[in-house]
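Let me give you the structure first, and then I'll get to my questions.
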Amino acid sequence: MSSTASLDGTLPLIVQLLLEKGQLKKKDVETIKEAQLKEHLPVEEILIKKHLAGERDIAMAYADYFLMPIFEPDETGTDLDSTLVDQLPEKLCRDHLIAPVAVNDRTLDVAFFTPNELHIIDELQLLTGLEINPLIAPLSMVEILLGTLYSNSSTFYAASSSSSTDFEEMDEDEEDGEDVDAEDDEVVHLDQPPPPGRDGRIIRYVNQMLEQACRVGASDIHIEPYEDHCRVRLRIDGSLNEIAPPAQSLFVAVVSRLKVLAKLDIAEKRMPQDGAIALKTEGKRIDMRVSTVPTIYGEKVVLRVLDKGAIPLELSGLGLDERQSKDLAESIEMPHGLMLVTGPTGSGKSTTLYTCLNRLNKPGTNICTAEDPVEYTFGGINQIQVKAQIGFTFASALRSFLRQDPDVIMVGEVRDSETAQICLRAALTGHFVLSTLHTNDALAAVSRLEDMDVEPFLLASTLRVLVAQRLVRRLCPKCREQYECDPETAKRFGLTAGETLHRPKGCKNCRDKGYRGRVGIFEVIRITSRMAELIQKRASHAELRRTAVEEGMKLLDAAAMEKARQGVTSLEEAASITISEEE
């Protein structure tokens with residue numbers, strides 16, 4: 001203590017302690033001061049980032065000076081009590097870089113990275129009603145503890161020596177190996193340990209957020225800034241669920257990290273940007289589409305999770321019944337014609353198209369697609385990204401395709417009259433064309449195309465099949481419970497009184513939601529000769545629907561109720577389809 005006191009009292013305590021121990025040289029002091037002025041980081045993080053001191057050296061120096069025990073589990077790991085997550089709020093722990101470690105009688109052991117946070121001990125005691133026993137721990141140890149405690153994991157394994165390895169060094173080592181594929185160069189490996197320091201903390205948070213989204217099957221990640229806080233939400237089974245956000249001070253850094261991964265311009269914060277990230281976790285590759293937009297409090301980021309493995313190989317995997325699968329399969333096997341898939345955004349139209357393309361993807365078939373954006377890539381299919389800003393639209397891509405000797409053409413969306421006309425003429429001249437349209441049901445596509453100045457005789461000649469679809473939540477198979485439908489409900493939805501239905505209950509398997517996953521509800525309208533004749537005569541929408549039912553085709557509301565009868569979904573979910581159709 002006496003030698004420390006003789007040093008320059010204006011220096012940070014940790015610098016004095018490391019100088020005294022001979023672990024820091026006096027010439028490094030200026031480097032530290034300059035870095036503090038430029039980067040505005042805690043001195044401990046500067047020491048780690050500049051490789052002037054290791055995080056273990058910092059922890060040992062503080063532990064010796066304050067006569068505090070150091071927390072270091074052995075290499076075999078130690079079990080963490082699952083009740084520890086209830087002791088302290090996650091946001092408080094992440095903001096102050098502290099982690100509860102163990103409860104002994106009336107004492108709570110808490111790991112601190114630096115003694116600068118010891119001032120909150122009184123607050124912790126009031127919050128928990130327990131005596132706080134502070135411990136010192138290396139930074140990576142605190143971060144791993146936080147990640148373990150608040151990611152529904154019960155076992156903590158000691159950080160390996162690789163946790164202090166820099167990412168660039170690790171990449172170089174891997175390049176020397178024989179097992180690394182060249183195609184992995186642009187893939188983010190979530191299993192790699194991040195470097196220590198503030199940058200490592202940001203990388204660790206982003207990795208954990210992405211990993212959690214993949215683990216729970218989220219379709220989207222929303223990262224949103226507000227005046228005094230930020231919010232992170234995952235869209236799971238169609239509903240948004242809030243998860244622990246980063247500290248407000250780290251929000252900009254988290255957004256910058258995502259923009260770097262997506263190869264976006266981190267300096268551009270005034271204009272929307274779009275990019276993509278390729279991830280690899282647990283040996284599985286997952287792609288994400290990234291979109292940023294400027295808001296009044298900063299940039300909002302939305303990531304769309306694209307899991308290629310979720311696209312079924314067979315049409316039956318989409319949720320179609322036997323008749324619908326047969327009608328769709330026979331329609332797309334025709335040598336020419338037009339198939340349209342309709343439905344709102346996020347209803348699974350792209351998945352249906354890709355499943356159909358998978359079925360048609362054979363060595364003897366030339367398939368070309370025009371997409372905005374290209375969500376999934378497939379071998380054997382020529383996929384084109386349209387760029388409207390330079391004049392490369394769906395219509396211009398279609399014209400180019402017709403000079404490429406295609407057998408099958410997929411157009412991402414029919415957005416205007418020009419695209420519609422070219423699609424119809426391509427279908428007339430010996431090509432099979434697949435596309436999407438935004439309408440409430442399948443047969444509404446007929447009137448929508450007529451509004452785009454497409455002649456009814458062209459529609460009657462080219463249309464082969466119309467598909468409408470929605471997604472509803474699937475009941476959790478482990479906790480769904482049976483009940484009998486009451487007479488009033490049965491009368492309202494055309495069911496039989498006393499009929500057995502299922503409703504959600506909630507269990508650990510479904511996170512107490514009662515639902516797990518989603519299933520498609522389909523309306524497959526095959527254009528028969530009778531239907532084609534009615535289309536050519538400009539028959540009303542109601543008459544077309546009535547004819548489809550007479551020919552044995554199932555409309556959306558009937559398909560939804562059938563899924564409820566089968567116990568696949570609840571009556572409430574099925575009713576949401578019925579209500580939207582009535583409107």
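Positions are given from 1, in the same order as the sequence printed here.
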Quiz item: Within a strict 4.5 Å, meaning less than it, do heavy atoms of the Gln87 and Leu124 side chains meet?
Solution: no
Quiz item: In Å and rounded to the nearest 0.5 Å, what is the CZ to CG distance from Arg511 to Asp237?
Solution: 6.0 Å
Quiz item: Would you call Asp287 and Arg285 a salt bridge, taking side-chain N to carboxylate O under 4.0 Å as the test?
Solution: yes
Quiz item: Ignoring hydrogens and geometry, is there a side-chain-to-backbone donor-acceptor pair from Glu268 to Met271 under 3.5 Å?
Solution: yes
Exercise. Could you point out which residue of Arg473, Arg518, Arg474 forms a side-chain hydrogen bond (donor to acceptor under 3.5 Å, both in side chains) with Glu573?
Key: Arg473
Quiz item: Under 3.5 Å, side chain of Lys259 to main-chain N/O of Asp265, donor-acceptor pair present?
Solution: yes
Quiz item: Rounded to the nearest 0.5 Å, what separation is found between the CD atom of Glu371 and the CG atom of Leu353?
Solution: 9.0 Å
Quiz item: Which is it for Ile32 and Val15 under the side-chain contact (heavy atoms from CB on, under 4.5 Å) test, yes or no, and what are the steps along the way?
Solution: CA-CA 9 Å; Ile32 296 168; Val15 174; 4.1 Å; yes
Quiz prompt | Residue that, paired with Ile221, satisfies side chain to side chain contact (heavy atoms under 4.5 Å, CB included) out of Arg235, Met288, Gln212 | solution = Met288
Quiz prompt | Check: Tyr376 ring centre within less than 6.0 Å of Tyr354 ring centre | solution = yes
Quiz prompt | Pro344 side chain reached by Arg470 side chain, heavy atoms, under 4.5 Å | solution = yes
Quiz item: Quick one: does Thr295's side chain have a donor or acceptor within less than 3.5 Å of a partner on Lys300's backbone?
Solution: no
Exercise. Could you tell me how the ring of Tyr62 sits relative to the ring of Phe66: parallel (under 30°), tilted (30 to 60°) or perpendicular (over 60°)?
Key: tilted
Self-check item: Closest approach of Val103 to Leu130 (non-hydrogen atoms, all atoms of both residues)
Solution: CG1-CD1, 4.4 Å
Quiz item: When you check the gap from the basic side-chain N to the acidic O, do Glu224 and Arg231 get nearer than 4.0 Å?
Solution: yes
Quiz prompt | salt_bridge(Asp372, Lys387) N-O dist < 4.0 Å | solution = no
Exercise. Taking only Lys NZ, Arg NE, NH1 and NH2, and the carboxylate oxygens of Asp or Glu, determine whether Glu131 and Arg106 approach each other closer than 4.0 Å.
Key: no
Quiz item: Is the side chain of Thr292 donor-acceptor paired with the backbone N or O of Gln273 at a distance under 3.5 Å, no angle test?
Solution: yes
Quiz item: With no hydrogens and no angle check, is any side-chain donor or acceptor of Lys563 less than 3.5 Å from a backbone partner on Gly319?
Solution: yes
Self-check item: Asn104 CG: over 12 foreign heavy atoms closer than 6.0 Å
Solution: yes
Exercise. Would you check, one step at a time, whether the test side-chain contact (heavy atoms from CB on, under 4.5 Å) holds for Leu240 with His222?
Key: CA-CA 9 Å; Leu240 286 171; His222 294 248; 3.6 Å; yes
Self-check item: Neighbour count >12 (heavy atoms, 6.0 Å) for atom CD1, Ile266
Solution: no
Quiz prompt | NZ/NE/NH1/NH2 to OD/OE distance under 4.0 Å, Arg233 and Glu242 | solution = no
Self-check item: Closest contact, heavy atoms only, Phe522 versus Ala559
Solution: O-CB, 3.3 Å
Quiz item: So Glu44 and Asn116, side-chain contact (heavy atoms from CB on, under 4.5 Å) or not? Walk me through it.
Solution: CA-CA 11 Å; Glu44 294 87 358; Asn116 301 333; 3.4 Å; yes
Quiz prompt | Side-chain heavy-atom pair Asn241, Lys513 within 4.5 angstrom cut-off | solution = yes
Self-check item: Test log, rule side-chain contact (heavy atoms from CB on, under 4.5 Å), inputs Asp220 and Leu234
Solution: CA-CA 6 Å; Asp220 302 271; Leu234 306 181; over 6 Å; no
